[in-house]
Amino acid sequence: IHTLGTLLNCVCHLNRVDFGFAVFGGILKRGFKPNTVVFTALIKGLCMDEKINQATKFFENVVEMGYPCNVITYATLIHGLCKIGNTGKALSLLREMESGNTCKPDTAVYNTIIDGLCKIGLMSEAVELVSEMVEKGCLPNVITYGTLISGLCKMGDTDGALALLREMEKEERCKPDAAVYTAIIDGLCRGGSMERAMDLFSEMVEKGCLPDVITYGTLINGHCKMGNTEGALGLLRELEKRRLCPLNVTIYSTIIDRLCKNGSMNEAMSLFSEMSNNGISANVVTFSSLIGGFSTSGQWREVISVFDEMVSQGISPNAITFHILMDGLCKEGMTLEAHKLLEAMIQRGEEPDAFMYNSLINAYCLKGQMDDALRLFDTMEARGLGKDGVTYTALINGYCKCSQIDEAMKLFQGMRQKGLVPD
RNA sequence: AACCGGAAAGUG
């Protein structure tokens with residue numbers, strides 16, 4: 001059962017929960033009694049596959065049938081719920097744990113929900129939960145702090161994050177680690193303060209905290225997003241020369257994306273080759289950036305060749321890849337091809353998302369093809385896709401451009417009636 | 001053998 005548990009965990013981590021259940025079947029067939037580890041791995045597999053409802057049902061069945069669950073089982077399911085933003089259900093599971101006697105929540109469980117609350121912007125609820133865990137005798141650890149600090153940074157409150165960092169430094173029990181510093185460095189970069197980010201980087205080194213590949217990747221991204229491609233490349237060369245950390249696909253993809261956005265496709269492709277020569281495989285993000293770069297410059301042959309190369313490496317395009325393609329076609333005014341792409345996706349059994357429709361609707365509006373735009377608008381409704389401010393703005397813009405102000409006003413009212421706030 | 005925080009790609 002130990003071996004099968006390991007196998008099960010492996011297949012679930014490969015995102016093949018279907019195989020996971022096959023293994024589970026094998027366990028039952030062989031007459032082994034599945035244990036908590038097995039159930040937990042399966043729940044995790046379902047969660048990773050975004051099948052949270054199934055995970056919840058499975059968990060309930062397991063409990064009903066009297067199999068033992070422990071704090072890790074709960075934590076796993078709670079994590080899945082938080083990942084899709086369902087902190088309400090996560091909190092009710094937490095209450096269930098608190099009221100029972102068998103598995104009281106531990107710090108990791110609280111941390112998971114604190115993170116979930118931060119990710120949907122409920123910072124004060126997150127902080128509240130920290131006080132609550134302390135009252136209940138669960139001590140916050142470095143991850144608790146790291147979670148809050150990351151949440152504050154995502155809200156743009158780097159000062160608040162720095163204040164928490166100073167608080168940690170005073171506490172012997174949880175000294176800040178690389179993740180904590182990196183989260184704040186990232187926040188500072190996003191706020192446009194590269195200087196302060198670099199200062200904090202120096203500070204962490206001075207204090208004896210070793211930066212890792214994510215820290216360096218964050219700085220490289222900071223340079224890229226500020227348009228400082230040279231700075232990013234310079235840092236990459238320094239990492240190589242001084243062997244500061246092993247490079248990875250994220251580091252390269254960050255810079256490749258910048259080069260693509262600069263329109264420097266030759267340099268992008270040469271860095272892409274360099275990456276594979278260094279034994280690092282590209283992923284869907286790397287390929288999507290390249291596809292975007294080539295399509296913005298109308299190099300459709302290259303787009304196709306990159307796309308083919310991606311597929312030949314066994315990497316499937318995702319919703320973002322398709323949208324990058326769609327947007328490239330739309331921006332070039334190739335609405336006919338763009339529409340074909342949408343159709344092709346539907347035939348492939350993919351479900352185009354709102355980004356897809358919004359781009360194409362906008363393209364039709366810019367060409368004054370309001371009928372086509374409206375047809376898609378209705379299709380979105382029929383497919384249950386949320387129409388947001390972007391959708392309405394595109395259409396309003398279209399009607400304004402062809403002087404149908406009354407139609408534009410109607411849409412504006414319709415948008416407000418749907419509870420959408422114009423920006 | 002199973003659980004928690006930090007970096008890269010998309011729409012007006």
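Order of the sequence lines fixes the chain letters, A, B, ..., with proteins taken first and strands second; residue numbering starts at 1 for each chain. Computed over heavy atoms, backbone and side chain alike; hydrogens, waters and symmetry mates excluded.
Comparing B:C3, B:U11, B:G6 against the side chain of A:N358 picks out B:U11 as the nearest. Closest to the side chain of A:I143, out of B:C4, B:G6, B:A8, is B:C4. Distances were taken from every side-chain heavy atom of A:F355 (C-beta onward) to each of B:G6, B:U11, B:A9; the shortest belongs to B:U11. Comparing B:G12, B:G6, B:A9 by their nearest atom to the side chain of A:A179 picks out B:G6. The side chain of A:N283 sits closest to B:A8 out of B:A9, B:A8, B:G12.
Side chain A:N248 to base B:A7: a donor-acceptor pair is found below 3.5 Å. Put simply, the side chain of A:D388 and the base of B:G12 share no donor and acceptor less than 3.5 Å apart. Residue-to-nucleotide contacts include a donor-acceptor pair under 3.5 Å from the side chain of A:D177 to the base of B:G5. A donor-acceptor contact under 3.5 angstrom links the side-chain atoms of A:D423 to the base of B:G12. Checked by distance alone, A:T215 brings a side-chain donor or acceptor within 3.5 Å of a matching partner on the base of B:G6. Checked by distance alone, A:N35 brings a side-chain donor or acceptor within 3.5 Å of a matching partner on the base of B:A1. Residue-to-nucleotide contacts include no donor-acceptor pair under 3.5 Å from the side chain of A:T147 to the base of B:G5.
Looking at heavy-atom distances under 4.0 Å, A:V213 makes contact with a base. Using a 4.0 Å heavy-atom distance criterion, A:V71 is classed as making no nucleic acid contact. Residue contacts shown for A:T250 include a base, since a base heavy atom lies under 4.0 Å away. A:D186 comes within 4.0 angstrom of the backbone, heavy atoms only, and of no base. Nucleic acid contact class of A:K387 (heavy atoms, under 4.0 Å, all strands): none. Within the 4.0 angstrom heavy-atom criterion, base atoms lie near A:A108. Nucleic acid contact class of A:T254 (heavy atoms, under 4.0 Å, all strands): sugar-phosphate only. If you check every strand for non-hydrogen atoms under 4.0 Å, A:T393 touches a base.
The phosphate of B:A7 has OP1 or OP2 within less than 4.0 Å of a side-chain N or O from A:K154. A sub-4.0 Å separation between OP1 or OP2 of B:A8 and a side-chain N or O of A:K261 is absent. Put simply, A:R258 has no side-chain N or O that comes within less than 4.0 Å of OP1 or OP2 on B:A7. Checking the phosphate oxygens (OP1, OP2) of B:C4, a side-chain nitrogen or oxygen of A:K44 falls inside 4.0 Å. Contact between the side-chain N/O atoms of A:K119 and the OP1/OP2 oxygens of B:G6 is found at a separation under 4.0 Å.
Rounding to the nearest 0.5 Å gives a distance of 9.5 Å between CD1 of A:I256 and CE of A:M265. Rounded to the nearest 0.5 angstrom, A:I1 CD1 and A:N35 CG are separated by 5.0 Å.
Judged by distance alone, the side chain of A:D106 and the main-chain N or O of A:A108 form a donor-acceptor pair under 3.5 Å.
Computed from coordinates, the A:I27 CD1 to B:A2 C1' distance equals 12 Å when rounded to whole Å. When rounded to the nearest whole Å, the span between CG of A:N318 and P of B:U11 equals 14 Å.
Counting non-hydrogen atoms of other residues, nucleotides and ligands closer than 6.0 Å to CD of A:E351 gives a total of 12 or fewer.
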- Item | Audit row: A:L271, A:E274, side-chain contact (heavy atoms from CB on, under 4.5 Å) steps and yes/no | CA-CA 5 Å; A:L271 194 56; A:E274 185 183 314; 3.8 Å; yes
- Query: Where do A:Y252 and A:L236 land on the side-chain contact (heavy atoms from CB on, under 4.5 Å) test, with the steps shown first?
  - Reply: CA-CA 8 Å; A:Y252 280 102; A:L236 172 70; 4.2 Å; yes
